[in-house]
Novice: 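A single structure is presented below for examination.
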Amino acid sequence: MPELPDVEVYKQYIDATSLHQKISSVSVRDSRIARNFNGSQMDEWLKGKTLEKTARHGKHLFILAGDDVWMMWHFGMTGAVRYLKKERKNADYERVTFYFDNKYRLSYDARRMLGGIQRIEGPEDFIREKGLGIDALDPALDLDRARELLAGKRAMAKSTLMKQETIAGIGNIYSDEILFQARIHPETSMDHLDAKEFSTLFKTMKAVLKKAVDIRAEPSDMPATWITPRRQPGKPCPRGCGSRIQKKKVSGRSAYFCPACQEKK
DNA sequence: ACGCTTCCCTGGAGGC
DNA sequence: TGCCTCCAGGGAAGCG
C-alpha cells in the first residue's frame, strides 16, 4: 500500500536502475492506467529519450523524460515498479512498460486499477492544482509549521494525519503506526492534544517515516515494537503491555491500535 | 469544516 | 468444489 516511504523507495529504485538509459519504446498494456494520453502517445513522446530525474511529493512520484516531458505516477493501493530483463511467467499486472536499449525494462505494475500515470506540465503545477499539502518529510515542515497546519483542528488525529491537502504522504498504515508510537488514540481530536502531546506526535511522525524509508518500507525489517506487521485484531500489543490490538473503523478506514497504550481522551 | 457513505477496482478469505 | 459476500485502502465525489 504505497504511502510516502514506499513511494520514496520506488523513487530511489528508479534512480538506481532506470535513469539515463535510452528508451526504445513504451507499451501501454492497460489504457485505464493512462489517465490523459492514449496507447501510442507515450511511446511517441519518449522514444529515443532518457529518464532524466525523479521527484516525489507525498504519495506522488514525478519523472522527467528528456527535457520537457513530465509524468506523474500514482500507485493507488496495489501499484509498484519493477526493473527487469526477463519475461515474467505472470505479467498480468504489468500495465505500462518502458523498454530500454539495454534490453531491460521499467514496469508500472498494478493489480487493481486504482493508480495511474498522467502527463503533466510539471510537479509544482500539479501539486498546486491538486491542492496537496507540504510533504511530510520536507525539512521546512518543522514543529511550528505543523502547529499552524494541524493544531486546533477538531477532526480526529487519524483523519487529520491522512488528509493529503494538509500534509502529504501519510495513509492508513503509517497513520496507525505514528499514533501507536505516539500513544495517541486514533479518534483523539487534534485540539485535545496538549503542547507536549502534539510535539510528541510531530516528532514521532518524522521518526516513523524516516525509519520506514531507511528499512526500505519492508515490514519484515520493522522494529519489533511496531504495529504495522501485526495489524490483526486480538494480537498482543507489540509494546508488551499485555493488552490486545483492537480494530475499529475510523473515518471510513480500518484503524488498528492498542486500547491500553492509546487511551482515548 | 467534518464525517459518513458510495463508488472505483481485483483477488483472497470465509461462510454455507 | 463453487457461489456469495465482505474486505483490503488509494482516492473522488456527494450529502447532511
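Every chain is numbered from 1, with letters handed out A, B, ... down the list of sequences.
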Novice: Can you find a side chain N or O atom of A:Arg231 that sits less than 4.0 Å from OP1 or OP2 on C:dG9?
Specialist: yes
Novice: A:Leu114 side chain: which of B:dC9, C:dC7, C:dG11 is closest?
Specialist: B:dC9
Novice: What is the separation between atom OH on A:Tyr256 and atom P on C:dG9, rounded to the nearest whole Å?
Specialist: 6 Å
Novice: By nearest atom, which of the nucleotides B:dT10, C:dA12, C:dG10 is closest to the A:Met113 side chain?
Specialist: B:dT10
Novice: Would you call A:Glu187-A:Lys158 a salt bridge at under 4.0 Å N-O?
Specialist: no
Novice: Please give, in whole Å, the distance from C:dG11 P to A:Glu129 CD?
Specialist: 18 Å
Novice: Tell me which one of A:Asp6, A:Asp138, A:Asp135 satisfies salt bridge (Lys or Arg N to Asp or Glu O under 4.0 Å) with A:Arg56.
Specialist: A:Asp135
Novice: Would you measure the distance from the C1' atom in C:dG2 across to the matching atom in B:dC9 and give it in whole Å?
Specialist: 23 Å
Novice: Expressed as a whole number of Å, how far does the P atom of C:dT1 sit from that of B:dT10?
Specialist: 27 Å
Novice: Using a cut-off of 4.0 Å on non-hydrogen atoms, how would the nucleic acid contact of A:Met190 be classed: base, sugar-phosphate, or nothing?
Specialist: nothing
Novice: Nearest whole angstrom, please: distance from the P of C:dC7 to the NZ of A:Lys249.
Specialist: 6 Å
Novice: Is the shortest distance from a Lys or Arg side-chain nitrogen in A:Arg216 or A:Asp221 to a carboxylate oxygen in the other one below 4.0 Å?
Specialist: no
Novice: Provide, to the nearest angstrom, the distance between the CD atom belonging to A:Glu94 and the C1' atom belonging to B:dT10.
Specialist: 18 Å
Novice: Counting only distance, no hydrogens or angles, is the base of C:dA8 paired donor-acceptor with the side chain of A:Arg112 under 3.5 Å?
Specialist: yes
Novice: Given the side-chain rings of A:Tyr108 and A:Phe75, with only the six-membered ring counted for Trp, is the space between their centroids under 6.0 Å?
Specialist: yes
Novice: So which one's nearest nucleotide on DNA chain C is more toward 5', A:Ser254 or A:His74?
Specialist: A:Ser254
Novice: Does A:Arg111 offer a backbone N or O that forms a donor-acceptor pair with the side chain of A:Thr78 under 3.5 Å?
Specialist: yes
Novice: Can you tell me if the side-chain N/O atoms of A:Lys59 get under 4.0 Å from OP1 or OP2 in C:dG11?
Specialist: yes
Novice: What integer number of Å spans the C1' atoms of B:dC8 and C:dC3?
Specialist: 23 Å
Novice: Rounded off to whole Å, could you give me the CE-to-C1' distance for the A:Met77 and C:dC7 pair?
Specialist: 9 Å
Novice: Applying a 4.0 Å non-hydrogen cut-off, can you work out what A:Thr78 is touching in the nucleic acid: base, sugar-phosphate, or nothing?
Specialist: nothing
Novice: Using whole Å, what does the distance between atom C1' of nucleotide B:dC9 and atom CZ of A:Phe75 come to?
Specialist: 17 Å
Novice: Looking only at side-chain atoms of A:Lys247, point me to the closest of C:dG9, B:dT10, C:dC7.
Specialist: C:dC7
Novice: Looking at A:Trp70, is A:Arg119 sitting on its ring face, NZ or CZ under 6.0 Å from the six-membered ring centre and within 45 degrees of the normal?
Specialist: no
Novice: On DNA chain B, compare the nucleotides closest to A:Arg111 and A:Ala155; which residue's is nearer the 5' end?
Specialist: A:Ala155
Novice: I want to confirm an ordering. Mapping A:Tyr93 and A:Ser251 to their closest nucleotides on DNA chain B, which one lands closer to the 5' end?
Specialist: A:Ser251
Novice: From the set B:dC9, C:dA8, C:dG10, return the single nucleotide nearest to any side-chain atom of A:Arg32.
Specialist: B:dC9
Novice: Using whole Å, report how far CG of A:Leu132 lies from P of C:dG10.
Specialist: 15 Å
Novice: Rounded to the Å, how far apart are A:Lys158 NZ and C:dG9 C1'?
Specialist: 10 Å
Novice: Under 4.0 Å: is that the gap between some side-chain N or O of A:Lys163 and OP1 or OP2 of B:dC2?
Specialist: no
